[in-house]
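What follows is a single structure, written as structure tokens, with notes after it.
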2 protein chains.
Amino acid sequence: MTITEVSKKYDLSADTLRYYERIGLIPPVKRAKSGVRDYDEGSCAWIELAKCMRSAGIPIEALIEYCALAQQGDETISARKELLTEERKKLHKKMDEMQKTLERLNYKIDIYEKAEVTGILSWDKEKDV
Amino acid sequence: MTITEVSKKYDLSADTLRYYERIGLIPPVKRAKSGVRDYDEGSCAWIELAKCMRSAGIPIEALIEYCALAQQGDETISARKELLTEERKKLHKKMDEMQKTLERLNYKIDIYEKAEVTGILSWDKEKDV
DNA sequence: TTATCACTTGGAGTACACTCCAAGTCAAGC
DNA sequence: GCTTGACTTGGAGTGTACTCCAAGTGATAA
């Protein structure tokens with residue numbers, strides 16, 4: 001697959017795909033004799049993984065490290081597990097914070113909805129705004 | 001309360017507090033005759049709200065707009081509700097993506113755990129890495 | 001009264017993650 | 001052979017959100 005095809009398939013710009021490869025977020029992509037990138041299944045799997053991880057905000061740096069470890073073979077299995085476990089912990093924490101914010105938003109939207117009818121904003125417990 | 005006290009209370013740097021006020025993410029804070037900030041309950045409530053929203057990644061711009069609307073009085077209730085509803089929608093979407101990534105991480109960590117015992121990495125469905 | 005110290009402002013600098021650009025190369029169609 | 005267009009590289013530019021700094025001011029302690 002060409003970079004344009006992969007770009008469409010995963011909805012990532014060609015620039016982003018080249019950037020990801022350049023910084024080592026995915027392993028080097030095979031090239032045709034002309035030097036043009038020719039993505040195989042393996043490259044696509046890496047891109048899909050990178051996209052998934054990035055969409056959840058996993059930092060680029062952690063993914064670069066993971067990619068480097070993966071290219072070093074089976075002696076890095078434990079290190080890779082540790083790395084992912086660490087990121088999972090951070091992700092959990094972020095999701096907890098988002099959940100709290102979501103509940104806060106629900107509460108506020110509810111108050112605003114009531115106010116649209118009654119004209120009265122009645123913030124409950126805290127001195128909210 | 002002084003900026004230092006508020007900074008400690010909410011674990012935000014004094015620079016961040018001044019920055020938030022400067023860009024209008026919170027309304028202007030009252031000053032002593034000397035010009036030094038003196039945070040009251042209302043200001044603290046705004047800071048707590050800003051911190052909560054920012055911790056979930058709600059963009060600064062949306063919060064600035066919300067703050068501006070809140071200062072204009074009750075005619076902006078509907079606009080504020082719309083704004084928060086929009087951000088809630090985005091937050092939901094982000095959380096869904098994180099949930100997917102979380103499951104992916106769980107799967108991968110599980111495979112790595114098994115590999116630590118068996119020495120064999122067996123990626124299932126997809127050509128995963 | 002003089003030094004200290006927390007505070008003030010406006011503006012510059014930093015980190016992260018892209019995103020864009022210029023200059024050049026290569027394969028294919030006219 | 002020449003043009004077109006997608007690709008290549010290295011490097012510069014952008015947006016978001018802080019974070020730091022220099023120069024100055026005012027209140028308190030010695």
Side-chain angles (χ1 to χ4, degrees), chain A residues 1-26 28-40 43-44 46-47 49-67 87 90-91 94 97-98 101, chain B residues 1-40 43-44 46-47 49-68 87 90-91 94 97-98 101:
Chain A
M1 295 180 90
T2 66
I3 200 166
T4 309
E5 285 164 346
V6 175
S7 165
K8 274 168 194 155
K9 183 169 178 185
Y10 295 107
D11 195 31
L12 292 168
S13 75
D15 267 316
T16 299
L17 291 173
R18 280 188 287 256
Y19 169 67
Y20 280 179
E21 185 179 349
R22 174 166 42 172
I23 64 175
L25 200 140
I26 59 166
V29 174
K30 265 183 259 166
R31 306 305 179 99
K33 290 125 281 164
S34 58
V36 172
R37 286 173 182 81
D38 182 19
Y39 294 80
D40 61 13
S43 289
C44 285
W46 271 103
I47 287 157
L49 180 70
K51 186 186 174 172
C52 174
M53 294 295 143
R54 287 298 303 126
S55 81
I58 310 291
I60 290 251
E61 251 204 76
L63 300 177
I64 289 172
E65 200 184 330
Y66 178 78
C67 182
E87 292 308 322
K90 289 185 205 159
L91 187 56
K94 265 202 284 182
E97 263 166 4
M98 285 180 163
T101 303
Chain B
M1 293 179 91
T2 68
I3 199 166
T4 308
E5 285 163 346
V6 175
S7 165
K8 274 168 193 154
K9 183 168 179 186
Y10 295 107
D11 194 31
L12 292 169
S13 75
D15 267 315
T16 299
L17 291 174
R18 280 188 287 256
Y19 169 67
Y20 281 180
E21 185 180 349
R22 174 165 43 171
I23 63 175
L25 199 139
I26 60 167
V29 174
K30 264 183 261 167
R31 306 304 180 99
K33 291 124 281 167
S34 59
V36 171
R37 287 173 182 81
D38 183 18
Y39 294 80
D40 61 13
S43 289
C44 285
W46 270 103
I47 286 156
L49 180 70
K51 187 188 173 171
C52 175
M53 294 296 143
R54 287 296 305 126
S55 80
I58 310 291
I60 290 250
E61 252 206 76
L63 300 176
I64 290 172
E65 201 184 329
Y66 178 78
C67 182
E87 293 307 322
K90 289 185 206 161
L91 187 56
K94 265 202 284 182
E97 263 166 4
M98 284 180 165
T101 302

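Here the structure is a predicted model, which is why all the values come from computation and not from measurement. A, B, ... follow the sequence lines: proteins, then strands. Residue 1 opens every chain. The basis for the numbers below is simple: all heavy atoms, side chains too, and nothing from hydrogens, waters or symmetry mates.
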Ignoring hydrogens and angles, tell me if any N or O in the side chain of A:Thr101 forms a donor-acceptor pair with the backbone of B:Cys52 under 3.5 Å. yes
Counting side-chain heavy atoms from CB outward, which of D:dG26, D:dA17, D:dT19 is closest to B:Pro59? D:dA17
My understanding is that only residues two or more places apart in sequence, or in another chain, count here; which of them pass salt bridge (charged side-chain N to carboxylate O under 4.0 Å, His left out) with B:Arg22? none
In whole angstrom, what separates B:Leu17's CG from D:dC18's C1'? 12 Å
Provide the closest heavy-atom pair for B:Ala62 versus B:Glu87 in the form atom of the first, atom of the second, distance. CB-OE2, 3.5 Å
To the nearest Å, how far apart are B:Leu63 CG and D:dT16 C1'? 13 Å
Throw together a table of side-chain donor-acceptor distances under 3.5 angstrom for residues 26-37 of chain B, partners on residues two or more places apart or in other chains.
residue: B:Lys30; atom: NZ; partner: B:Asp40; partner atom: OD2; Å: 2.9
residue: B:Arg31; atom: NE; partner: B:Val29; partner atom: O; Å: 3.3
residue: B:Arg31; atom: NH1; partner: B:Gly35; partner atom: O; Å: 3.0
residue: B:Arg31; atom: NH2; partner: B:Glu21; partner atom: OE2; Å: 3.3
residue: B:Arg37; atom: NE; partner: B:Glu21; partner atom: OE1; Å: 2.6

Using heavy-atom distances to pick each residue's nearest nucleotide on DNA chain D, tell me which of B:Arg18 and A:Ile3 is more 5'. A:Ile3
For B:Leu25 and D:dC18, what is the distance between atoms CG and C1' respectively, to the nearest whole Å? 12 Å
Atom pair distance, as rounded to whole Å: CG in A:Asp15 and P in D:dT14: 15 Å
So which heavy atom on B:Ile60 is nearest to which on B:Arg54, and how close? CG1-NE, 3.7 Å
Quick check: are there more than 12 heavy atoms from other residues, nucleotides or ligands sitting under 6.0 Å from CD of A:Glu5? yes
Atom CD of A:Glu5 to atom C1' of D:dC7: distance rounded to whole Å? 13 Å
Need one value for B:Arg37: base, sugar-phosphate or nothing, where a base atom within 4.0 Å counts as base even if backbone is also close, heavy atoms only. sugar-phosphate
Would you say a side-chain N or O of B:Arg54 is under 4.0 Å from OP1 or OP2 of D:dC18? yes
Measure CD/B:Glu61 against P/D:dA17 and give the value in whole Å, please. 8 Å
Strictly below 4.0 Å: does A:Thr2 bring a side-chain N or O up to OP1 or OP2 of D:dC7? yes
Smallest heavy-atom separation, B:Ala50 atom then B:Leu63 atom, equals O-CD1, 4.4 Å
Where each residue is assigned the nucleotide of DNA chain D containing its nearest heavy atom, which of B:Ile60 and B:Lys33 is assigned the position nearer the 5′ end? B:Ile60
Contact interval (first through last nucleotide) of DNA chain C with protein chain B, 4.0 Å heavy-atom: C:dA6 to C:dG11
